[in-house]
Amino acid sequence: KGISQEGLYNFCAAHDDAVKRFRIQEGLKFVTGYSGGARCSSLQVGVRPGFAGVILQAAGFYGGTRNDYQAVKKKPEISVYMICGSKDRNRKEIEKTRNGLPRHTRFNAEVFDGEHGWAPEKSLIRALKWLEEQVPDTTTNPEVARIYFKRYHEEVEDGEGNFEEYLKLK
């Protein structure tokens, strides 16, 4: 098994198209995947600029050896959040990933009650909050950013979201 070069080309094409079509803030992009998709996402953060973090669900980095952490070795701005089930066969990869990452990499992990599967919604929300906190403050107006993230998190937790309001903040 392996990650195909064609798969990375497809990711790059989709990424580049999305960046052209949508308002995507460089330096605030995150990528995630489940199991083999987590392994793929560990490579994807390294092939395009502007990523701030990766959420690994139910698996660690592609390959799992020190030589396979190239994305975070070359890009110290990338933070890593790993989520696994308590009965997941890949749970042991949390410690393996923690030990394999470069010292500068910000890392957090969470174990939920479950088996090998997608992370629960609340775990993903915690992961995104943590990743956002790791991003250096590079906004020109910190008060606007604070209001934006406060509203965003409140609405996500309430299951609501009016994204037109956020467009008015810019």
Side-chain angles (χ1 to χ4, degrees), residues 1-19 24-25 27-136 149 152-153 155-159 161:
K1 284 187 191 180
I3 296 177
S4 72
Q5 198 168 15
E6 182 179 320
L8 281 176
Y9 290 151
N10 290 340
F11 166 78
C12 290
H15 170 274
D16 296 350
D17 185 56
V19 169
I24 297 176
Q25 177 66 49
L28 284 176
K29 296 185 290 188
F30 305 101
V31 65
T32 189
Y34 157 69
S35 194
R39 298 191 199 291
C40 290
S41 66
S42 75
L43 296 175
Q44 292 167 344
V45 294
V47 296
R48 285 295 184 257
F51 281 94
V54 59
I55 301 171
L56 304 171
Q57 299 180 62
F61 271 67
Y62 175 71
T65 67
R66 282 198 184 273
N67 295 329
D68 295 315
Y69 297 96
Q70 293 304 314
V72 292
K73 285 180 181 176
K74 294 177 182 175
K75 298 182 176 188
E77 67 274 14
I78 295 173
S79 298
V80 179
Y81 197 101
M82 194 168 173
I83 308 170
C84 280
S86 58
K87 298 172 193 103
D88 189 333
R89 65 185 179 268
N90 290 338
R91 183 174 163 208
K92 63 187 177 288
E93 292 186 33
I94 291 174
E95 201 58 36
K96 188 176 186 178
T97 300
R98 183 187 325 269
N99 293 334
L101 289 169
R103 289 183 186 255
H104 69 260
T105 305
R106 293 166 303 279
F107 178 80
N108 201 351
E110 178 178 334
V111 176
F112 64 91
D113 185 28
E115 300 197 15
H116 186 72
W118 289 95
E121 181 180 353
K122 289 188 182 282
S123 294
L124 287 173
I125 290 170
R126 278 190 294 275
L128 283 169
K129 282 183 177 182
W130 184 84
L131 286 170
E132 288 172 350
E133 291 169 359
Q134 307 313 305
V135 176
F149 284 116
Y152 172 78
H153 289 301
E155 290 179 2
V156 168
E157 288 173 353
D158 292 341

Student: So, taking the atom named CZ in R126 and the one named OG in S123, what distance separates them when rounded to the nearest 0.5 Å?
Tutor: 4.5 Å
Student: Between R106 and E77, is there a donor-acceptor pair closer than 3.5 Å when you use the side chain of the first and the backbone of the second?
Tutor: yes
Student: Verify, without hydrogens or angle tests, whether Q134 (side chain) and S79 (backbone) share a donor-acceptor contact under 3.5 angstrom.
Tutor: no
Student: Apply side-chain contact (heavy atoms from CB on, under 4.5 Å) to residues N90 and R39 and explain how you reach the verdict.
Tutor: CA-CA 12 Å; N90 290 338; R39 298 191 199 291; 3.8 Å; yes
Student: What is the distance from atom CH2 of W118 to atom OG of S35, rounded to the nearest 0.5 Å?
Tutor: 9.0 Å
Student: So, T32 side chain and I55 main chain: donor-acceptor pair closer than 3.5 Å or not?
Tutor: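 Checked: pair present.
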Student: Is it the case that over 12 heavy atoms from other parts of the model lie below 6.0 angstrom from the NZ atom of K74?
Tutor: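 Counting neighbours around NZ of K74, 12 or fewer heavy atoms of other residues, nucleotides or ligands fall under 6.0 Å, so no.
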Student: First locate atom SG of C40, then atom CZ of F61, and finally report the distance between them rounded to the nearest 0.5 Å.
Tutor: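 The SG atom of C40 sits 12.5 Å away from the CZ atom of F61.
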Student: Roughly how far, to the nearest 0.5 Å, is CD of E6 from CZ of F11?
Tutor: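 If we round to the nearest 0.5 Å, F11:CZ and E6:CD are 15.5 Å apart.
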Student: In this structure, are over 12 heavy atoms from other groups packed under 6.0 Å from D113 atom CG?
Tutor: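 No, because the 6.0 Å sphere around CG of D113 holds 12 heavy atoms or fewer from other groups.
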Student: Evaluate the side-chain proximity of Q44 to V54: yes if any heavy-atom separation is below 4.5 Å, no if none is.
Tutor: no
Student: Test K29 against H15 for side-chain contact (heavy atoms from CB on, under 4.5 Å), laying out the working first.
Tutor: CA-CA 10 Å; K29 296 185 290 188; H15 170 274; 2.6 Å; yes
Student: Evaluate salt bridge (Lys or Arg N to Asp or Glu O under 4.0 Å) for E95 paired with R98, printing each intermediate quantity in order.
Tutor: CA-CA 5 Å; E95 201 58 36; R98 183 187 325 269; 3.4 Å; yes
